[in-house]
Amino acid sequence: IISTKGNITINGGEMYASYAMNHGGAIYHEGSSLIMTGGKIQGGETVCGGAVLVQNGALLQMSGGEIAGASAKYDGGNVFVYDSQLYMSDGKITGGTLGSNARYGTNVCLWGSSTMNMSGGTITGGTASKEGGNICVWHSTSVVNVYGGVIENGSAPTGGNIITAG
């Protein structure tokens, strides 16, 4: 799905992603709201944001559902957030992977001026060859606020669960 300026709501069902040439294996979304209350986005492979890429002021609001098992060549195996926001109150982001030349953040990568607010849900099982097994905060203008939820079982030489870099 490619969306520029249109809102998307996912309440249920399953989406199996495939290969995308550049970004957002299942969903490439910019400038508006992507709301996920249920369902599952499984797999996907691309350069950044194996399953979902949100950018240019977009909001990914996750209050249910699951994003799992996607892969990126460089950053954000499951979710890549670029100059946008991720608000997570429930749901699960799990099992993202990165390619052999990969950089950071197998489950979630924040880039540019991005914000992540987590009050619930689970981010788990990310493995990175460099940094940020579960979450990588890249650039000093990005912010992660964790008020609740679970971030666990991340693996990386530096920052198994969360790393701030750049």
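Just so you know, residue 1 is the first one in the sequence shown, and it goes up from there.
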A.B. asks: Say whether, by atom type as modelled, one donor and one acceptor occur between the side chain of T115 and the main chain of Q85 under 3.5 angstrom.
C.D. replies: no
A.B. asks: What pair of heavy atoms forms the shortest contact from G31 to A58, and how long is it?
C.D. replies: N-CB, 3.5 Å
A.B. asks: Should M36 and I67 be marked as a side-chain contact (heavy atoms from CB on, under 4.5 Å) after you check the CA-CA gap, both sets of side-chain angles, and the distance that decides it?
C.D. replies: CA-CA 10 Å; M36 187 169 187; I67 300 171; 4.0 Å; yes
A.B. asks: How close do G159 and A156 get, counting heavy atoms only, and between which atoms?
C.D. replies: O-CB, 4.0 Å
A.B. asks: Begin with the C-alpha distance, continue with both residues' side-chain angles, and end with the deciding distance and a verdict on side-chain contact (heavy atoms from CB on, under 4.5 Å) for V52 and I41.
C.D. replies: CA-CA 9 Å; V52 176; I41 300 171; 3.9 Å; yes
A.B. asks: Linking I/L/V/M/F/W/Y whenever any side-chain heavy atoms sit under 4.5 Å apart, do W111 and Y28 land together?
C.D. replies: yes
A.B. asks: Taking N134 for the side chain and E152 for the main chain, is one N or O donor matched with an acceptor at less than 3.5 Å?
C.D. replies: yes
A.B. asks: Verify, without hydrogens or angle tests, whether N107 (side chain) and I135 (backbone) share a donor-acceptor contact under 3.5 angstrom.
C.D. replies: no
A.B. asks: Test of understanding: clusters of I, L, V, M, F, W, Y form through side-chain heavy atoms closer than 4.5 Å, transitively. Do V79 and V146 belong to the same one?
C.D. replies: yes
A.B. asks: Looking at NZ of K40 and CD of E14, how far apart are the two atoms once the value is rounded to the nearest 0.5 Å?
C.D. replies: 6.0 Å
A.B. asks: Do L59 and I8 belong together in a cluster built from hydrophobic side chains that touch within less than 4.5 Å?
C.D. replies: no
A.B. asks: Tell me, do Q55 and D83 make a side-chain contact under 4.5 Å, heavy atoms counted?
C.D. replies: no
A.B. asks: Distance-only, no hydrogens or angles: does the T141 side chain make a donor-acceptor pair with backbone N or O of G112 under 3.5 Å?
C.D. replies: yes
A.B. asks: So, S84 side chain and V81 main chain: donor-acceptor pair closer than 3.5 Å or not?
C.D. replies: no
A.B. asks: Regarding N11 and T37, do their side chains bring together a donor and an acceptor under 3.5 Å, going by distance alone?
C.D. replies: yes
A.B. asks: If hydrophobic clusters are built from ILVMFWY residues whose side chains come within less than 4.5 Å, do I35 and V108 share one?
C.D. replies: no
A.B. asks: Report yes or no: does S63 contribute a side-chain atom to a donor-acceptor pair with the main-chain N or O of D90 at less than 3.5 Å?
C.D. replies: no
A.B. asks: Determine whether M118 and N145 satisfy the following criterion, side-chain contact (heavy atoms from CB on, under 4.5 Å), listing intermediate values before the conclusion.
C.D. replies: CA-CA 6 Å; M118 183 175 182; N145 300 301; over 6 Å; no
A.B. asks: Are any side-chain N or O atoms of S142 and backbone N or O atoms of S114, one a donor and one an acceptor, separated by less than 3.5 Å?
C.D. replies: yes
A.B. asks: Given 3.5 Å as the limit, does a donor-acceptor pair link the side chain of N78 with the main chain of I93, or not?
C.D. replies: no
A.B. asks: Taking C-beta and beyond as the side chain, do V137 and V143 meet within less than 4.5 Å on heavy atoms?
C.D. replies: no
A.B. asks: Hey, mind stepping through L86 and V54 against side-chain contact (heavy atoms from CB on, under 4.5 Å) and telling me if it holds?
C.D. replies: CA-CA 9 Å; L86 167 59; V54 292; over 6 Å; no
A.B. asks: Below 4.5 Å, heavy atoms only, C-beta onward: do I123 and T94 meet side chain to side chain?
C.D. replies: no
A.B. asks: I need the minimum non-hydrogen distance between K92 and M62, along with the two atoms involved.
C.D. replies: O-CE, 3.4 Å
A.B. asks: Do L34 and I27 come within less than 4.5 Å of each other through their side chains, counting heavy atoms only?
C.D. replies: yes
A.B. asks: Provide the closest heavy-atom pair for G43 versus A51 in the form atom of the first, atom of the second, distance.
C.D. replies: O-CB, 3.8 Å
A.B. asks: Determine whether a donor-acceptor pair (N or O, by modelled atom type, separation under 3.5 Å) exists between the side chain of S32 and the backbone of G6.
C.D. replies: yes
A.B. asks: Do you see a donor-acceptor pair shorter than 3.5 Å between the side chains of Y82 and E30?
C.D. replies: no
A.B. asks: Look at the side-chain heavy atoms of Ile, Leu, Val, Met, Phe, Trp and Tyr, link any pair under 4.5 Å apart, and say whether I10 and M88 land in one connected group.
C.D. replies: yes
